[in-house]
Every structure is written in C-alpha cells, then in structure tokens.
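Working notes for the structure below.
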Amino acid sequence: MRPILAALFSWLLLIPAAHALESPAGRVLLTVTGDIATTNVGDEAHFDREMLLAMPQHETVTSTPWHEGVVHFTGPLGRGLLAAVDAQGNTLRITALNDYSANVPVADLHDHDVILAMTLDGEPLRVRDHGPIFVIYPFDDSPQLLNEEVLTRSVWQVHRIDVAAD
Ligand SMILES: Nc1nc2c(c(=O)[nH]1)N[C@H]1C(S)=C(S)[C@@H](COP(=O)(O)O)O[C@H]1N2
Ligand SMILES: [Mo]
C-alpha cells in the first residue's frame, strides 16, 4: 500500500478505538458524569477495578500529611482518565463515599502528575486506608502543593467525578 493510504487506513482504525469504553464486569468503583463524550452506561462512564488497572499506571513516591514517611502509590493519571472519557470541561467535582466533595481544576491534572491512587506500598487501598481511590498530588516533587487549597482537593474514598464547564 502507498504510505499515504496506509496512514489513512490506520487512522480510520484508530478512531473507533479512541471512543470505545468496555462495560464493567465487576463492582463499579468510579462513576464519571457530566461533559464526557465516551460513556458505557447511558450518559455516564462506569469503571470497575480491572478497567482502572488496565489504564497506564503511574507511580508516585512522596510524603503526605496522612502517612508516616515516604510512601509509594500507583494508579492511573488523572489526565489519563479524562482522556479515556473524552472529558471537555474545566472543573471536576470529585465526590467521596462520605459525600465530601471538592472542585479540582482540570489544569491541575495537566500541570502535575496527579493520580487516582489505588495502591499504597503495593497493596490495594482499602476504604479504611482512604481507598478505594485517593487523589494524590506529587507533594515531594512540588512542595508548593502542600497548601490548604490543594489539601482540600486531595479527596480520598473517591467514587464519583462530575466534569463541568467551570
Ligand atoms: N473523602 C474525604 N476527603 C477529604 C476530606 C474529607 O472530609 N473526606 N477532607 C479534605 C480536606 S478539607 C483536607 S484539608 C484534607 C486533609 O484533611 P484532614 O486534615 O482531615 O486529614 O483532606 C481532604 N480530603
Ligand atoms: Mo481542609
């Protein structure tokens, strides 16, 4: 095939893949709503543990106000999750199991490697250790993040993210 045709053909193949989101087989840990173009249940995107672990995992090694010493987290990057659902908005309203919620600017996820942490020191985060999902900023890489505003955005026991225009 001529290179231009080959390029066009692979581009056509990639389009549906970029918009596909499988259905969760296990318990839904995270529901993403709002301004998203990729969904799997009505106008929402539901994720079970396996789906979140199938996304590229990022490792964050840092101290935090909630742990002793330096700890090791893994989970998908926040901006990776937004790409997976084709999010368009500028603000995330992140809600926890206890109904705590915080607004997180999407810009934070582009400016910093913020992760949806699912493991702590190699073990799955349990609800009693702030799991199943904990928004973790890289505090040690960027010590200026250790301020009250960013701490309020460090939502633990996350179960819902609503993407809004602002
Ligand atoms: N799920 C959940 N996440 C939360 C909170 C909460 O109450 N529930 N409190 C927030 C606030 S206001 C701050 S300052 C930080 C630190 O809370 P702490 O001082 O109670 O540990 O966690 C944030 N994340
Ligand atoms: Mo706070």
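As the structure lists them, so they are numbered: ligands from 1, and atoms in each ligand from 1. What you see is a predicted model, and the numbers here were worked out from it, not measured in a lab. All heavy atoms count here, side chains included; hydrogens, waters and symmetry mates do not.
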Protein contact of [atom] - nearest heavy atom, named by residue and atom, plus distance:
{"atom": "atom 16 (C) of ligand 1", "value": "W66 NE1, 3.6 Å"}
{"atom": "atom 7 (O) of ligand 1", "value": "Y100 CD1, 3.4 Å"}
{"atom": "atom 13 (C) of ligand 1", "value": "L151 O, 3.6 Å"}

### Task
State whether the number of non-hydrogen atoms from other residues, nucleotides or ligands found under 6.0 Å of E149 atom CD is greater than 12.
no
### Y137: partners by ring pair (Phe, Tyr, Trp, His ring centres under 6.0 Å), with sequence neighbours left out
none
### Query
Between E44 and R160, is there a side-chain N and carboxylate O pair less than 4.0 Å apart?
yes
### Summary
Of all heavy-atom pairs linking V155 and A96, the shortest is CG1-CB, 3.8 Å
#### Entry: Heavy-atom closest pair, residues L145 and F139
O-CE2, 3.7 Å
What do we get for [X] next to ligand 1 when only non-hydrogen atoms under 4.0 Å count, side chain, backbone, both or neither?
{"X": "N98", "value": "side chain"}
{"X": "H130", "value": "neither"}
{"X": "S154", "value": "backbone"}

### Message
Under 4.0 Å from atom 19 (O) of ligand 1, can you find at least one protein heavy atom?
### Response
no
### Task
Taking only heavy atoms of E148 into account, list the atoms of ligand 1 that are under 4.0 Å away from them.
14 (S)
### Task
For A96, take its heavy atoms, then give the atoms of ligand 1 lying under 4.0 Å from any of them.
1 (N)
### Query
W156 to ligand 1: N or O pair under 3.5 Å?
yes
### Message
With a 3.5 Å distance limit and no angle check, can you tell me whether N90 reaches the backbone of A165 through a side-chain donor-acceptor pair?
### Response
yes
### Task
Side-chain contact test, heavy atoms from C-beta onward, threshold under 4.5 Å: evaluate it for I94 versus V135 and give yes or no.
yes
